[in-house]
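Both counts, for ligands and for their atoms, begin at 1 and track the order of listing. All values derive from a computational prediction rather than experimental measurement.
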Amino acid sequence: MPIFGKTKFSTVNYDKTTPTAAMPSLEDSENPQEGFTKCRSCESPILIEELVANSSICPKCDYHFPLRAMDRINSLMTDFEEIDANMQSVNFLGFTGYDKTLTSKQMTLDTKDAVICGFGKIKGQKTGIVVMDFKFMGGSLGSVVGEKITRLVEAATEKRLPVIIVTASGGARMQEGCVSLMQMAKTSGALARLSNNDLPMICLLTNPTYGGVTASYASLGDIIISEPNALIGFAGARVIETTIKAELPENFQTAEFLVDHGLVDRIVHREQLQDELALILDYVSGKCK
Ligand SMILES: [Zn+2]
């Protein structure tokens, strides 16, 4: 069983190009000194080693740094077996620069696209799991992400297992046009069939979850939990403010705001996630194998 303090997390520095108005906290942190990074929330310098030992959570202010998909899986599961690991997108619209971006991300990030799917055990309970990787093109939902999630959900339905979906995304992948939007309907359809078979889906929303992902599977969980202070929404706050020309409430689009307004069921600290997910699985897996 992975123990948080002993799990090796990668340090994460996100692209400056990824989303947008709502997410000022995702700017690249500067490295003032070798071996240090800066907290994106309280701006304290943190020894990277200390951050890694602390589950990538700021020891000063409790800010949850984003996790790479495989680090997340290792922090939650044992016996993980990935499916469709080699599925990759093609530039079917001839979008300028898309091939180059895909190739460079695949080479530098050691993953073929923005999601990892598979089966494993959380404290001995078998489950399907989908984990998005924000570092790969902002966790954008394209044809491969949609197809991999759909296949995982269909396989879980076949095996009569629950599904956990961990989101981190800026929304649909613009380079794939309407095909990326079609993934919203496709994944939702597969999840409807899972539900019709009396099988549960649990969502874990992490910072940030936006756009077409929020508008499809991220909102379809039987139980929806979130990490503290995660930003979750459809359009970004600044876009909304400019459009409706009104001041938005304090904490708008934070997980805490969404718990108060009914979209999120519960906020769970990263260090309690494995226990909490095991408990939820125990509650809801009555009709699973
Ligand atoms: Zn901090």
Side-chain angles (χ1 to χ4, degrees), residues 2-76 109 131-136 138-139 166-170 203-210 214 218 224-233 236-238 241 248-260 263-264 266-277:
I3 299 166
F4 258 103
K6 292 183 181 165
T7 306
K8 284 282 169 213
F9 292 108
S10 320
T11 46
V12 184
N13 277 313
Y14 287 107
D15 301 337
K16 286 180 177 168
T17 50
T18 44
T20 55
M23 293 155 232
S25 62
L26 286 173
E27 292 296 314
D28 255 351
S29 52
E30 289 167 20
N31 295 337
Q33 252 179 288
E34 191 71 23
F36 279 85
T37 189
K38 196 162 80 175
C39 174
R40 294 161 196 185
S41 176
C42 70
E43 302 197 337
S44 305
I46 315 166
L47 196 59
I48 289 172
E49 213 171 81
E50 191 185 356
L51 187 65
V52 167
N54 198 38
S55 319
S56 289
I57 299 168
C58 172
K60 304 261 168 29
C61 73
D62 212 38
Y63 173 76
H64 286 44
F65 280 71
L67 286 185
R68 294 292 314 276
M70 210 56 224
D71 292 334
R72 173 77 66 183
I73 288 166
N74 289 335
S75 76
L76 295 173
L109 300 174
V131 183
M132 302 192 74
D133 197 332
F134 192 83
K135 200 165 183 185
F136 194 103
V166 185
T167 62
S169 176
C203 280
L204 165 59
L205 312 183
T206 73
N207 187 37
T209 296
Y210 272 84
T214 307
I224 302 178
I225 59 177
S226 173
E227 286 192 327
N229 297 308
L231 290 173
I232 301 150
R238 280 185 215 164
E241 211 158 34
L248 297 170
E250 206 181 332
N251 295 328
F252 185 67
Q253 294 188 331
T254 61
E256 289 70 13
F257 184 89
L258 295 172
V259 166
D260 289 344
L263 186 87
V264 173
R266 192 163 193 177
I267 293 167
V268 183
H269 194 276
R270 186 171 290 166
E271 292 194 327
Q272 269 93 54
L273 269 175
Q274 192 190 40
D275 285 344
E276 185 79 10
L277 285 170

Checklist entry - Do side-chain atoms of Arg40 reach the backbone of Tyr63 as a donor and acceptor pair under 3.5 angstrom? => result no
Checklist entry - What protein N/O/S atoms lie closer than 2.8 Å to the Zn ion (ligand 1)? => result Cys39 SG, Cys42 SG, Cys58 SG, Cys61 SG
Checklist entry - Of the options His269, His64, Arg270, which is the one that meets Glu227 in a side-chain hydrogen bond (donor to acceptor under 3.5 Å, both in side chains)? => result Arg270
Next on the checklist: Within the supplied structure, the quantity of interest is the number of heavy atoms (other residues, nucleotides, ligands) at a distance under 6.0 Å from Glu256 CD; does it exceed 12?
Outcome noted: yes
Item to check | Heavy-atom closest pair, residues Leu109 and Phe136 | outcome: CD1-CA, 3.7 Å
Item to check | Nearest heavy-atom neighbours spanning Ile46 and Cys58 | outcome: CD1-SG, 3.9 Å
Item to check | Verdict with supporting geometry, Gln253 and Leu248, side chain to side chain contact (heavy atoms under 4.5 Å, CB included) | outcome: CA-CA 10 Å; Gln253 294 188 331; Leu248 297 170; over 6 Å; no
